[in-house]
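The structure appears below as structure tokens.
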Amino acid sequence: MTFELERRTLLRMLGLGAGGLGAAGAGTLAGCLAAFAQEKDAVTIGWPVDVPAWDPNQRFTPEVQVIYKLVFDQPLGQNPKLDLVPNLVTKWELAKDALSLTVELRDGVKFHNGDPMTAEDFRYTFFERLQGPDKIDTKNSWRKVSDIEVQSPTKAVMKFSSPAPTAPQWLAFLGSYVVPKKYMTQAGVDGFNQKPIGTGPYKLVDYQLNARIVLERNDDYWGGRAPIKRVTFEIIKDPSARVAAIQSGQVDLTTNVPVREVGRLQHEPNLAGEINPITRVILLQCRNDQGFADDNVRLAAHHAINKDALSKAFYAGAAVPLSVPVTPGTPGYLPDFRFAYDPALAKQLLAKSGFGPDKPATIGFASTNGQFPSDYDIARAIVQMWKEVGINADLQTIEYSKYFELNRGDKLPEATLYSWDNATGDPEIYTGYLLNPKLPFSAWKGMDVGAKVLDLFNIADYQTRIAGYKDINKYAVEHGATIPLLQSVQTLVRKKNLSYEKYGNGWVLANTMKWG
């Protein structure tokens with residue numbers, strides 16, 4: 001069995017004290033390190049957040065999907081270009097009216113405990129669990145499922161109460177992981193969280209809350225054995241600590257480090273740094289009440305933000321400034337629409353409502369610190385831009401997990417800086433969920449925009465639906481319902497001899513990693 005040793009452990013084994021490492025000792029240590037590097041069959045990843053639970057249907061937490069995807073499988077997958085591809089489901093067909101979806105499941109798949117995965121598990125995950133008492137986010141994403149007809153162990157038909165045109169996309173997106181009916185009903189949710197099992201390429205073998213996740217390869221995986229045998233996630237919430245961990249060799253790869261550190265670390269002889277644009281949108285989640293009840297204040301807040309300056313200052317110009325809450329190249333994008341940076345206009349709008357630099361409007365503002373690259377720096381810069389036109393923002397720092405709690409409880413402040421994830425690129429999962437007042441993911445509860453969004457959820461025809469989202473994207477921005485800022489980038493630093501497959505949505509999947 002091969003394994004990776006921490007430096008201090010190796011020193012003890014070699015009998016080398018930290019202070020007694022002479023030239024001969026250094027040569028011995030270097031030789032041993034090289035030997036271990038040649039045979040290592042493990043990878044250690046510095047990750048910014050822990051899983052909220054080991055029930056993968058429970059919470060839509062974008063940052064932990066790459067962990068869940070190692071232990072559990074989704075019905076459909078995506079290739080690096082984000083096209084839908086077979087996974088547990090090998091064939092699928094959405095009816096023209098989008099009221100049903102027929103799926104054929106892969107035969108011979110087993111859960112980690114040896115139980116076979118069948119259409120009964122599929123029905124349990126996407127229908128039966130939704131009818132029960134479990135508090136899971138998939139009750140929102142699959143709320144339209146009225147039944148799932150099991151036609152054989154490998155064939156099922158999902159039936160919807162109203163058109164569900166994005167059902168295939170959701171089979172590859174947040175929370176849509178097939179869980180074992182027999183084991184979960186026997187163990188209960190608490191028992192499952194203590195000892196989770198899936199059908200994925202890895203099994204969970206050790207978990208220390210907010211500290212460490214250790215996975216071992218599932219050698220019986222239906223998709224073939226992963227190249228790396230052992231994967232360890234070190235949960236390191238502070239970005240400077242992640243920088244120190246990759247520089248010292250404590251971890252082999254880490255993400256969400258400041259751009260300036262990527263530039264510095266990529267000059268290290270054994271490290272490679274990357275800044276990759278992904279299908280996330282850095283935006284301000286906006287309320288439609290309190291200090292943001294006034295349209296003039298919301299629009300002034302948007303016109304006052306110099307997005308080009310933010311991109312250049314914090315992302316070396318790599319983050320594309322956005323005028324709509326979707327990324328370039330996705331179906332709902334409007335390449336010819338521009339929302340102007342215009343501080344003079346911002347002052348005029350504020351003056352209409354009796355505000356200005358001498359009598360500023362006051363709002364609350366929240367941001368994470370270290371959740372995505374330069375998040376808190378961006379927030380502080382925006383505070384200064386607002387102050388210049390006549391908006392005083394009380395900036396508070398919140399934990400990533402706290403954001404979800406506050407949003408679900410309708411307790412976010414007027415504006416919240418957030419990186420909105422959409423691994424699929426479909427505009428429903430951008431604007432539809434961002435501005436749907438009936439769902440717990442939206443801070444905006446105004447029905448002027450919300451009613452238009454709700455209507456789009458029931459349109460089966462693809463072209464009509466996409467045209468509708470393009471219209472609502474422009475309308476929502478012009479009415480201050482959302483303030484898109486930048487296309488998000490993923491910053492990543494890794495050891496040069498560690499490769500992985502790049503996905504357009506920023507997935508960093510350990511089962512694609514290889515040592516050179």
Side-chain angles (χ1 to χ4, degrees), residues 2-48 66 80 212 226-278 314-319 370 372-374 377 489-503 506-516:
T2 57
F3 53 97
E4 187 173 9
L5 296 171
E6 294 184 2
R7 179 177 180 274
R8 59 182 179 273
T9 305
L10 184 57
L11 286 171
R12 287 198 299 269
M13 290 179 65
L14 294 173
L16 300 173
L21 189 63
T28 302
L29 177 58
C32 290
L33 285 173
F36 277 111
Q38 290 170 5
E39 66 176 4
K40 73 177 167 183
D41 196 14
V43 67
T44 301
I45 301 169
W47 206 249
V66 298
R212 179 173 296 148
I228 300 292
K229 185 172 184 179
R230 188 176 182 90
V231 177
T232 300
F233 287 88
E234 297 287 352
I235 308 304
I236 308 173
K237 296 183 178 182
D238 181 68
S240 60
R242 292 197 296 276
V243 170
I246 187 69
Q247 189 168 13
S248 67
Q250 178 188 347
V251 301
D252 304 308
L253 179 150
T254 193
T255 65
N256 291 5
V257 300
V259 170
R260 62 182 179 276
E261 295 291 355
V262 176
R264 180 178 67 84
L265 292 172
Q266 66 186 3
H267 295 297
E268 295 279 339
N270 65 326
L271 297 178
E274 302 174 12
I275 303 175
N276 302 315
I278 56 176
F314 303 116
Y315 298 114
F372 62 90
S374 302
D377 292 335
V489 299
Q490 179 189 70
T491 55
L492 181 147
V493 182
R494 59 179 170 83
K495 291 182 178 176
K496 279 186 176 178
N497 60 336
L498 178 65
S499 64
Y500 73 102
E501 196 162 21
K502 293 184 182 180
Y503 284 77
W507 286 344
V508 180
L509 301 178
N511 58 315
T512 71
M513 293 180 184
K514 297 178 181 178
W515 288 105

Heavy-atom donor-acceptor pair, [X] side chain to [Y] backbone, under 3.5 Å:
X	Y	value
Arg230	Val43	no
Trp515	Ala42	yes
Arg242	Val257	no

By side-chain contact (heavy atoms from CB on, under 4.5 Å), which residues pair with [X], not counting sequence neighbours?
X	answer
Ala244	none
Ile275	Val259, Val262, Ala318, Val489, Thr491
Pro227	Lys514

(request) Only counting residues at least two apart or in another chain, list the ones meeting side-chain hydrogen bond (donor to acceptor under 3.5 Å, both in side chains) with Ser499. (result)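 With neighbours one apart ignored, the set is empty.
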
(request) Find out whether Leu509 and Glu501 are in side-chain contact, i.e. whether some heavy atom of one side chain is under 4.5 Å from a heavy atom of the other. (result)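 No. Closest side-chain heavy atoms not under 4.5 Å.
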
(message) For a 4.5 angstrom cut-off between non-hydrogen side-chain atoms, does Gln490 reach Val508?
(response)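 When only atoms from C-beta onward are counted, Val508 and Gln490 do touch, with a gap below 4.5 Å.
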
(message) If I compare all heavy atoms of Met513 with all of Ile228, which pair ends up nearest, and what's the gap?
(response)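 For Met513 versus Ile228, the nearest heavy atoms are O-CG1, 3.4 Å.
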
(request) Might you point out which heavy atoms bring Ile236 and Val251 nearest each other, and give the distance in Å? (result)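 Taking Ile236 first and Val251 second, the nearest heavy atoms are CD1-CG1, 4.3 Å.
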
(request) Scan residues 261-270 for pairs that pass salt bridge (Lys or Arg N to Asp or Glu O under 4.0 Å), counting only residues two or more places apart or in two chains. (result)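 Checked against salt bridge (Lys or Arg N to Asp or Glu O under 4.0 Å) - neighbours excluded - the pairs reaching residues 261-270 are Glu261-Arg264.
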
(message) Glu274: which residues meet the salt bridge (Lys or Arg N to Asp or Glu O under 4.0 Å) condition with it, sequence neighbours left out?
(response)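 Partners of Glu274 by the salt bridge (Lys or Arg N to Asp or Glu O under 4.0 Å) criterion, ordered by chain and then number, come out as Arg494, Lys502.
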
